[in-house]
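One structure below.
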Number of protein chains: 2
Amino acid sequence: MEDRLFNRVKELRARKGLTQQTLAQHAGVTRQTIAAIEKGDYLPSVLLALKISDVFDLNLEDVFSIKKGWE
Amino acid sequence: MEDRLFNRVKELRARKGLTQQTLAQHAGVTRQTIAAIEKGDYLPSVLLALKISDVFDLNLEDVFSIKKGWE
DNA sequence: ACACGATGTAAAGAGTACTTAACATTATAA
DNA sequence: TTATAATGTTAAGTACTCTTTACATCGTGT
């Protein structure tokens, strides 16, 4: 049993017309960090996930969600 | 400007009558990890924060929240 | 053709989340 | 007293988040 985390950062960012750069600045991280999260390279910390959700004016659960799966 | 994260894990766990051990099992981590989070030693990942919130049947924001500060 | 903004991607290093293992204290119960 | 469950705490090690630097591609505009 392995849980994965899905996020809608790329979609929501595009919907708001934000560049990776500006989202990164608002969240206090680098552009590469945003790119890596969108790509699914790794999961953000709670702090960063909360900041990103703040930028989108959404609850964290609306941006990041657990998908339970097997193996 | 430095942001900190506060959590109500210890309070909510006590309210539910859960031990660190059982909460840890439900969240898929060790007892020491729960203890460290309650103590404020470090911040959990989003995945773990979501799992813990799940155990309490609460939104993540009701368990973990950013406190913005200066210096 | 040339420049520029946005994105994709990769690698090295710093810092941190989490595990495992250990030992200690306290409270409750047999 | 002896045992057992719950918690506090620490240390070493592994895995991962995030930064910095760098180079490449694509699309738009001049």
Side-chain angles (χ1 to χ4, degrees), chain A residues 1-56 58-71, chain B residues 1-56 58-71:
Chain A
M1 227 262 293
E2 177 187 313
D3 295 336
R4 295 209 176 177
L5 193 75
F6 280 81
N7 74 73
R8 303 198 297 142
V9 173
K10 188 166 191 169
E11 171 205 346
L12 294 168
R13 180 175 61 76
R15 191 178 296 191
K16 278 231 172 186
L18 297 174
T19 66
Q20 291 182 338
Q21 185 68 252
T22 55
L23 173 56
Q25 286 168 351
H26 284 122
V29 290
T30 63
R31 177 179 72 81
Q32 285 81 347
T33 296
I34 298 296
I37 290 168
E38 290 187 354
K39 193 183 169 196
D41 271 2
Y42 51 71
L43 313 178
S45 64
V46 215
L47 201 54
L48 177 49
L50 281 167
K51 286 180 183 174
I52 290 174
S53 305
D54 268 0
V55 174
F56 294 136
L58 290 173
N59 287 331
L60 190 143
E61 284 89 346
D62 294 328
V63 184
F64 300 91
S65 56
I66 294 180
K67 179 140 195 178
K68 302 194 176 185
W70 255 256
E71 181 203 5
Chain B
M1 227 260 295
E2 177 187 316
D3 295 336
R4 296 212 177 174
L5 193 76
F6 281 82
N7 75 75
R8 303 197 298 141
V9 173
K10 187 166 191 168
E11 170 204 346
L12 294 168
R13 180 174 61 77
R15 191 177 295 190
K16 278 232 172 185
L18 296 174
T19 66
Q20 292 182 338
Q21 186 68 251
T22 55
L23 173 56
Q25 286 167 351
H26 284 121
V29 290
T30 63
R31 178 179 72 81
Q32 285 84 342
T33 296
I34 298 296
I37 290 168
E38 290 187 354
K39 194 183 169 196
D41 271 2
Y42 52 69
L43 312 178
S45 64
V46 216
L47 199 55
L48 177 50
L50 280 168
K51 287 180 183 174
I52 291 174
S53 305
D54 269 0
V55 174
F56 294 137
L58 290 172
N59 287 330
L60 190 143
E61 283 91 344
D62 294 328
V63 185
F64 300 91
S65 57
I66 294 181
K67 179 140 193 178
K68 302 195 175 184
W70 254 257
E71 177 216 5

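Protein chains get the first letters and strands the later ones, always in sequence-line order, with residue 1 at the start of each. In this text the structure is predicted, and so the values were computed from the model without any measurement.
Under 4.0 angstrom from either OP1 or OP2 of D:dC16 there lies no side-chain N or O belonging to B:Ser45. Close to C:dA17, at under 4.0 Å from its OP1 or OP2, lies no side-chain N or O of B:Lys39. In terms of phosphate contacts, B:Thr33 brings a side-chain nitrogen or oxygen within less than 4.0 Å of OP1 or OP2 of C:dT19.
No donor-acceptor pair under 3.5 Å is formed between the side chain of B:Ser65 and the backbone N or O of B:Glu61. Distance alone, capped at 3.5 Å, places no donor-acceptor pair between the A:Asn59 side chain and the B:Asn59 backbone.
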Could you list, one pair per line, each protein nitrogen or oxygen that sits under 3.5 Å from a nitrogen or oxygen of nucleotides 22-30 of chain D, together with the distance?
unit_1, atom_1, unit_2, atom_2, d
D:dA22, N6, A:Gln32, NE2, 2.9

So which protein nitrogen or oxygen atoms get under 3.5 Å of nucleotides 25-30 of chain C's nitrogens or oxygens?
none

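Residues B:His26 and B:Lys51 form no side-chain contact, since every pair of their non-hydrogen atoms from C-beta on lies 4.5 Å or further apart. A:Leu50 places none of its side-chain heavy atoms less than 4.5 Å from the side chain of A:Phe64. In this structure the side chain of B:Lys16 never reaches within 4.5 angstrom of the side chain of B:Leu12, judged on heavy atoms. Using a 4.5 Å heavy-atom cutoff, the side chains of B:Asn7 and B:Ile52 are not in contact.
Protein atom CD of A:Gln25 is 15 Å distant from nucleotide atom C1' of C:dT7, rounded to whole Å. Spacing between atom CG of A:Leu48 and atom P of C:dG15 amounts to 19 Å, rounded to whole angstrom units. With rounding to whole Å, A:Tyr42 atom OH is found 13 Å from C:dT16 atom C1'. The CG-P distance, from A:Asp41 to C:dG8, rounds to 11 Å in whole Å. Nucleotide D:dT17 holds its C1' atom 16 Å from the CG atom of B:Leu5, rounded to whole Å. As a whole-Å value, the separation of B:Leu47 CG from C:dT19 P is 12 Å. Straight-line distance from the CD1 atom of A:Ile34 to the P atom of C:dA6: 15 Å, rounded to whole Å. Rounded to whole Å, the distance from CD on B:Glu38 to P on D:dA6 is 14 Å.
Contact annotation for B:Thr30: base contact, defined as any heavy-atom pair under 4.0 Å involving a base atom.
Summary of the strand contacts: B:Ile37 and A:Ala36 both lie near DNA chain C, and taking for each the nucleotide with the nearest heavy atom, the more 5' one is attributed to A:Ala36.
Heavy-atom distances under 4.0 Å link DNA chain C to A:Lys10, A:Arg13 of residues 9-16 of chain A, given in residue order.
Looking at the side chain of B:Pro44, the nearest of the listed nucleotides C:dC18, C:dT7, D:dG8 is C:dC18.
Between B:Val46 and A:Ser45, the shortest heavy-atom distance links the atoms CG2-O, 3.9 Å.
Under the rule for a side chain to side chain donor-acceptor pair (under 3.5 Å), A:Gln21 has no partner lying at least two apart in sequence or in another chain. With sequence neighbours excluded, no residue forms a side chain to side chain donor-acceptor pair (under 3.5 Å) with B:Arg31. Residues passing the side chain to side chain donor-acceptor pair (under 3.5 Å) test with B:Thr33 are B:Thr30, sequence neighbours excluded.
Atom NZ of B:Lys10 is separated from atom CG of B:Leu23 by 13.0 Å, given to the nearest 0.5 angstrom.
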Start with the C-alpha gap between A:Val29 and A:Ile37, add the side-chain angles, then the distance that decides, and say whether side-chain contact (heavy atoms from CB on, under 4.5 Å) holds.
CA-CA 11 Å; A:Val29 290; A:Ile37 290 168; over 6 Å; no
